[in-house]
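Every chain is numbered from 1, with letters handed out A, B, ... down the list of sequences.
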Amino acid sequence: MDDRLADVTDTARPRLLLIDGHSMAYRAFFALPVDKFSTSTGQHTNAVHGFVSMLANLIRDERPTHVAVAFDAGSTTFRTEQFPQYKGTRDATPEPFKGQVPLIKEVLESMRIMHLEKDRFEADDILATLSSQADGLGMEVLVCSGDRDSLQFVNENVTVLYPVKGVSELARMTPVAVQTKYGVEPGQYPDLAALVGETSDNIPGVPGVGPKTAAKWINQFGGLEQILEHADEITGKAGESLRAHLEQVRLNRVLNHLLLDVDLPLGPDDLRAQPWDREDMHRVFDALEFRALRERLFAMMPAEDSGDEPGGAPTFEVAVADLTTDGLSGWLTAREGRSLGLEVAGKHTPAAGDAWMVAIADDAGDAAVLDLADLPARDDEALRAWLQDPAAPKVLHGAKGAWHALAGRDYVLDGVVFDTELASYLCHPDQRTYDLGELTIRHLHRELRVEEPETGDQGAFDLSLDGNGEAQRLAVRAAALVQLAEVLAGDLRDRGASDLLTDLELPLGTVLAQIERRGIAMDADYLRELERHFGEVVSAAATEAYAVIGREVNLGSPKQLQEVLFDQLAMPKTKKIKTGFTTDAAALADLFAKTEHPFLEHLLAHRDATRLRQTVEGLLKSVAEDGRIHTTFQQTIAATGRLSSTEPNLQNIPIRTEAGRRIRRAFVVGDGYETLLTADYSQIEMRIMAHLSGDEGLIEAFRTGEDLHSYVGSRVFGVPTSEVTAAMRSKIKAMSYGLAYGLSPFGLSKQLNIEVSEAATLMEDYFSRFGGVRTYLLGVVAEARSIGYTATIMGRRRYLPDLTSDNRQRRDMAERMALNAPIQGSAADIIKVAMLGVEKEIAARGLRSRLLLQVHDELVLEVGPGERTELEALVREQMAGAADLSVPLDVSVGVGTSWHDAGH
DNA sequence: ATCGTAACGTA
DNA sequence: CGTACGTTACGATG
């Protein structure tokens, strides 16, 4: 016996998982509905999803130590050369399946799972060869394949997992299972298949001979050779039929014999499972829009034991200090001047935060953990002094949240020199989340896992869940921070983003924390009145709508609306969507123009009022005890660099319609303040376009101070500015903005309700006058394609690997992102700079006025008594001076006691 | 309970 | 077949 294996115990025995990629992907394709699985770019993903889901289950349930996936290489194999009809009845590959196999390969590569294919051979031959080699090495082998030919190499060490229903249920085909199901030994299965045939491979069997007869013969004569020798002796119709098809059966047997000696570049030993490339997995899963599946996969891994299993990365070692003698003060003094990691457990919500426990750690893993509910006065003082000391450098992950938690206990947080969440966002702005545990695995190859104590009680109580475990967990996170910051700082430097963190995002985090804590005052009584009013409009519209169609339906259900509109009322079909035909507002308005059916009017009114009522309800629920709404500004969500607002979203409060604007009256100036002030950049994106493109015409347009769209319209249409009609102006406006989004002539024609040719002419005319814009837009995409990213005026990058994708939809999408990201992102940079300037200048002058909201190109402030004039000048100056562009940054200001009245 | 989808609000 | 977001209700899943 091979002595390498002599001491291998059964539990440590290597286990090789082999998957027939094409056959399982194809099964998954038919098991899952195509229309339920596709990305926003239209790429179908049902086969990918099914395949990866199955793979996840296999890894979880079977715990393979080695994995490989084999694919068919092409249409011609040594079998088709011998028998051209082989697999000839297969329908052409369905269109939605095409393109999914390369995506599966991308997933496998990100998981560092080998995939193999070889010219002229089928996946099954590769699997047979690897299986036989692995068996020879003493490995346990699992073969996952939907091709029954693979049953021939089942033995005591080799099990085939054969899909019985979809890809989620797999039958374990052991020798006994094969014997039970087919009545023959696994090695004789090809004999049986040769007699019975295989329709899906276009292999005709002996007519009248099914699996029962074939098995009977095989057991009676001992095998196919013997059956063929004794063919004359077999009586009856079946025997006759057999004699008429001897050649076919011989050929079948040749074809279904799998090769065990395919020459492969890799052997079983090379297939050992590797730690995942998590960064790449994020990229791939982001593109596939597999959220739940990604979570499932990542959730599986930390549970693995830390042996040599994939993903079992080492953890952090921490030593939690005993503060009973020297106290926190001594511990901190010993580390003066060093950057320390700070982790705060508690509620991280604005104006309602609370901190329960604090962990501080140095880069060596020495940590101090403080239970704030039970803190000696001297430690409380030391903690307070250290937290608010701007000269005591701290590293946090999501400092804004910690700021809120600490504020709940009246601690002031200052001296934050690094935020690992913000840093990671600047490096990879397309990620959705920046989980600290994910980052430590990716950058430090360590897990945030607290090692169970060796003497851990295995009884009813889990010791790790008591207070001490919480302290350990917090200490581990704090200890990870300093090390992580070092790596990320290097990453930031490489990407030219160090200043963005230090001079922009970090200080902005503090400004946002203050803004969120302030909140904005609400007139709750007025909101309740609005709610009642919109509620009445909803009821009235519903009643009238029901009367028109003679029954009550749920007007909020697109499904029921489709029945009413297209079945009951037999209206013309609207644009197709996944679930049928759209009932969106544009389509309903279109239908109304065609049919003038009164139901549509009531339905639209109902939609409007329902929406407004929902908005009002949501706002009412969000009013805090202080009578103000405290939104959270997300600083690491938008890939372009914008902020976003949640719980509630105050960046999408209605303004376009009069009814909607009424909601803005509920946002009011707070007690002790004079008024609200809004200040917004006018046409900032077009100004950035002018600056970035350097187009002389566009720059001149802004310098003249004339109305932009009229100016551009006069140049495009060749008429004096005074003769630019409203219709001309609105066309120009739509096109100008569209250009910054990568608008096509088709899209423009759709939006303006004009012919595609007219839209194309319009764009052509525009570019002939403003050629610099076209040059710029083409250049942006070309440069991004070659360097891999776009950049804003402050160097904020967005990476767009899909610019070189083979998939046209994905490539086109990436191109539009490339066009928009520098413009939207630069505007975001500029207003962020302005916010810092405003906040700083207000503080420098000792004003009471304060920032309350940011809505992308607008700031809302509360004006202290008597400060209106000074504040307006200050805000104008800071906003206009936030960037030095080749065009002026125009700011318009409004004042009023409500957001509505302060608007303009 | 959880998830994806449709719809719709903002810049 | 225009970018960037967040929230809600519905209805199909488990």
> Taking CZ from A:Arg816 and P from C:dT3, how many angstroms apart are they, rounded to a whole number?
5 Å
> Take atom CD of A:Glu563 and atom P of C:dG11, then tell me their distance rounded to the nearest Å.
10 Å
> Would you kindly say whether A:Asp567 and A:Gln562 are connected by a side-chain donor-acceptor distance under 3.5 Å?
no
> How many Å lie between NZ on A:Lys733 and P on C:dG2, as a whole number?
19 Å
> Both distances below 3.5 Å, Watson-Crick or wobble geometry, any strand: find the nucleotide opposite B:dA6.
C:dT8
> Can you check the A:Leu762 CG to C:dG2 C1' distance for me, whole Å?
16 Å
> Answer yes or no: are there more than 12 heavy-atom neighbours, outside A:Gln568 itself, under 6.0 Å from its atom CD?
yes
> Which is true for A:Ile577 with a 4.0 Å heavy-atom rule: it touches a base, it touches only sugar-phosphate, or it touches nothing?
sugar-phosphate
> Which nucleotide wins on minimum distance to the side chain of A:His856, given the candidates C:dT3, B:dA11, B:dA7?
B:dA11
> If you check every side-chain atom of A:Pro654, which of C:dG11, B:dT10, B:dA6 has the closest atom?
B:dT10
> For A:Leu650, report the nucleic acid contact type (base, sugar-phosphate, nothing); a contact means any heavy atom under 4.0 Å.
nothing
> Just compare C:dG11, C:dA4, B:dT5 and give me whichever is closest to any side-chain atom of A:Asn554.
C:dG11
> Does any donor-acceptor pair link the side chain of A:Arg642 with the base of B:dA11 at a separation under 3.5 Å?
yes
> Is the shortest side-chain N/O distance from A:Ser744 to OP1 or OP2 of C:dG2 below 4.0 Å?
yes
> Do NZ/NE/NH1/NH2 and the carboxylate oxygens of A:Glu536 and A:Arg532 come within less than 4.0 Å?
yes
> Counting only side-chain heavy atoms from C-beta out, which of C:dG2, B:dA6, C:dA4 sits nearest to A:Leu743?
C:dG2
> How would you label the contact of A:Gly556 with the nucleic acid (heavy atoms, under 4.0 Å): base, sugar-phosphate, or nothing?
sugar-phosphate
> Just wondering, are more than 12 heavy atoms of other shown residues or ligands nearer than 6.0 Å to CD in A:Glu647?
no
> Among the nucleotides C:dA4, C:dT3, C:dG11, which one has an atom lying closest to any side-chain atom of A:Arg798?
C:dA4
> Across the strands shown, which category fits A:Ile653 at heavy-atom distances under 4.0 angstrom: base, sugar-phosphate, nothing?
sugar-phosphate
> Could you tell me whether the side chains of A:Gln635 and A:Glu421 share a donor-acceptor contact shorter than 3.5 Å?
no
> Ignoring hydrogens and geometry beyond distance, is the side chain of A:Arg611 in donor-acceptor contact with the base of B:dC8 at under 3.5 Å?
yes
> Counting any heavy atom closer than 4.0 Å, what does A:Glu647 reach on the DNA or RNA strands: base, sugar-phosphate only, or nothing?
sugar-phosphate
> Does a side-chain N or O of A:Ser557 approach OP1 or OP2 of C:dG11 to a distance below 4.0 Å, or not?
yes
> Nearest whole angstrom, please: distance from the C1' of B:dG4 to the NZ of A:Lys578.
8 Å
> Verify the contact: side-chain N or O of A:Thr583 to OP1 or OP2 of B:dA7, cut-off strictly under 4.0 Å; return yes or no.
yes
> For A:Ile637, answer base if it contacts any base atom (sugar-phosphate contacts may also be present), sugar-phosphate if it contacts only those atoms, and nothing otherwise; contact means non-hydrogen atoms under 4.0 Å.
sugar-phosphate
> Nearest-Å distance, CD (A:Glu815) to P (C:dC1)?
15 Å
> What's the closest nucleotide to the A:Thr579 side chain, out of B:dA7, B:dA6, C:dC1?
B:dA6
> Would you indicate what A:Ala639 reaches in the nucleic acid, counting non-hydrogen atoms under 4.0 angstrom: base, sugar-phosphate, or nothing?
sugar-phosphate
> Measure CH2/A:Trp899 against C1'/B:dA11 and give the value in whole Å, please.
11 Å
> Ignoring hydrogens and angles, does a donor from either the side chain of A:Gln614 or the base of C:dT8 sit under 3.5 Å from an acceptor on the other?
no
> I want to check a possible cation-pi pair here: A:Arg797 against A:Tyr789, using under 6.0 Å from ring centre and within 45° of the ring axis as the test.
yes
> Of the options B:dA7, C:dG2, C:dC5, whose atoms approach the side-chain atoms of A:Arg607 most closely?
B:dA7
> In whole angstrom, give me the gap between the P atoms of C:dG2 and B:dG4.
26 Å
> Using the ring of A:Phe581 (Phe, Tyr or Trp, six-membered ring only), decide whether A:Lys576 places NZ or CZ under 6.0 Å from its centre and within 45 degrees of its axis.
yes
> Assess whether one donor atom and one acceptor atom, taken from the side chain of A:Asn649 and the base of C:dG6, lie less than 3.5 Å apart.
no
> Kindly point out which of C:dT7, B:dT5, B:dT10 is positioned nearest to the side chain of A:Thr646?
C:dT7
> Considering only side-chain heavy atoms of A:Gln560, which listed nucleotide, C:dG11, C:dA4, B:dA7, is closest?
C:dG11
> Go through C:dT7, B:dT10, C:dG11 for me and flag the one nearest to the A:Lys559 side chain.
C:dG11
> Determine the contact category for A:Ala585: base if any of its heavy atoms lies under 4.0 Å from a base atom, sugar-phosphate if only primed atoms, P, OP1 or OP2 are that close, otherwise nothing.
sugar-phosphate
> Under 3.5 Å, is there a donor on one side chain and an acceptor on the other for A:Arg662 and A:Thr657?
no
> Round to a whole Å and report the spacing from CG of A:Leu819 to C1' of C:dC1.
14 Å
> Which part of the nucleic acid, if any, lies within reach of A:Thr582 when heavy atoms closer than 4.0 Å are counted: base, sugar-phosphate only, or nothing?
sugar-phosphate
